[in-house]
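Okay, structure first, notes after.
Here is how names work: the chains are called A, B, and so on, in the same order as the sequence lines, proteins then strands, and each is numbered from 1.
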Amino acid sequence: MGVAFRDILTEFRDTVGWEALAGVAAVDAHNALYQFLSIIRQPDGTPLMDQEGRTTSHLSGILFRTANFLEKGIRPVWVFDGTPPDFKQETIEVRRAIRDRAGERWQDALERGDIAEAYKQARSSSRIDENVIGTSQELLSLLGIPCVQAPSEGEAQAAHMVEKGDAGYVVSQDYDTLLFGAPVLVRNLAVSGKRKVRGRTISVYPERILLSDVLKGLALTRSDLVRVALLVGTDFNSGIKGVGAKTALRMVQRGEFEQTMRERLPDTEWEAIMEFFLAPPATDSYSLHWNAPDREGIIRMLCDRFDFSQERIQKALDSMGAKAGQKTLDSWFS
DNA sequence: CCACGAGA
DNA sequence: TCTCGTGGG
């Protein structure tokens with residue numbers, strides 16, 4: 001999921017403090033929701049659920065993440081996916097198959113009592129359905145956070161909003177938004193600063209990537225960067241087996257892109273994908289307004305409907321209210 | 001993921 | 001005061 005650019009971007013990732021991130025952040029909703037759904041689980045893989053068995057992991061994630069963002073002076077706008085381009089269909093089907101298989105393996109692992117495997121498979125089985133989208137938007141609306149509906153890919157819309165200056169940066173774990181032209185990408189925007197990797201916990205800091213640094217540092221145009229992506233594989237095409245980011249970069253720098261595509265990926269109609277990355281559908285019809293959280297509405301939704309603890313929710317709401325009060329509601333929630 | 005309490 | 005483990009729904 002997402003273009004595998006990590007190996008060529010290491011030197012362009014600078015860690016930044018939270019204070020440098022105050023301002024408007026365009027959140028890649030699909031990426032954030034997937035993160036919440038896959039990670040907010042019990043050790044055996046069971047997600048948070050209400051008494052009726054409806055998943056609530058994403059609601060927990062949204063609430064506390066939003067509280068933290070507002071506390072740190074970050075005003076999020078969530079950008080949701082629209083209709084994917086036709087050439088994404090194959091990827092979508094492959095992912096569905098992987099997800100379904102993971103669901104089966106999760107059950108198998110549970111029956112065997114293999115908890116670690118169960119957790120791993122459960123994560124991969126995460127699915128962002130209409131219900132997740134709907135309840136997420138409902139909660140964000142109650143929190144006073146604006147949502148933008150992308151005509152096509154959310155990452156493209158988020159990139160567009162940063163290019164326009166309506167947001168300072170895109171928040172996503174994936175690098176794809178750079179391909180869509182996002183001038184600034186921020187990753188690892190999680191509060192805890194810790195992550196479990198194979199049992200060990202390591203510290204992670206927010207990291208910022210400037211597209212201009214990447215292009216300058218690698219001596220590439222944005223089209224070239226997309227060419228590298230096409231060789232390693234994107235959401236819209238599978239790349240060349242055995243070719244990673246470093247090899248692909250070398251190929252592009254040597255001007256071997258078209259020949260390599262012709263020889264190794266003859267069935268990929270890359271011109272259309274390239275055009276999509278360079279000039280993706282995006283809309284200007286959105287309005288960004290942040291409102292004070294609707295405390296009672298949030299409690300009705302989370303506590304009355306989804307069985308959240310009233311005490312916990314009150315505390316989270318208090319932390320948001322405190323910050324809002326400091327700057328006066330009008331200037332902050334404009 | 002995040003919050004919170006226990007224990008150092 | 002900080003780290004770590006656990007529960008959250």
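Checked by atom type, the side-chain pair A:Q259/A:E263 shows a donor-acceptor distance below 3.5 Å. Residues A:D284 and A:H160 have side chains that bring a donor and an acceptor to within less than 3.5 angstrom of each other. Neither side chain, A:Q121 nor A:D108, offers a donor N or O lying under 3.5 Å from an acceptor on the other. When only modelled atom types and interatomic distance are considered, A:S172 and A:D174 share no side-chain donor-acceptor pair under 3.5 Å. No side-chain donor from either of A:Q107 and A:E111 sits under 3.5 Å from a side-chain acceptor of the other.
Within residues 48-57 of chain A, the residues approached by DNA chain C to less than 4.0 Å at the level of any non-hydrogen atom are A:L48, A:M49, A:T56, in residue-number order. For residues 16-32 of chain A, proximity to DNA chain C is found at no residue, defined as any non-hydrogen atom under 4.0 angstrom from a strand atom. Within residues 298-307 of chain A, the residues having any heavy atom under 4.0 Å from DNA chain C are, by residue number, A:F306, A:D307. For the segment residues 38-46 of chain A, the set of residues with a heavy atom within less than 4.0 Å of an atom of DNA chain B comprises A:I39, A:I40, in numerical order.
Every salt bridge (Lys or Arg N to Asp or Glu O under 4.0 Å) that A:D235 has, sequence neighbours left out, goes to A:R95.
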Atom pairs under 3.5 Å, N or O on each side, protein against nucleotides 3-7 of chain B: can you list them with distances?
none

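Of all non-hydrogen atoms in A:A248 and A:V243, the two that sit nearest each other are N-CG1, 3.8 Å.
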Original post:
Could you go step by step and tell me if A:F257 and A:W270 meet the ring-ring contact (aromatic ring centres under 6.0 Å, His included) rule?
Top reply: CA-CA 11 Å; A:F257 171 75; A:W270 58 266; 4.9 Å; yes
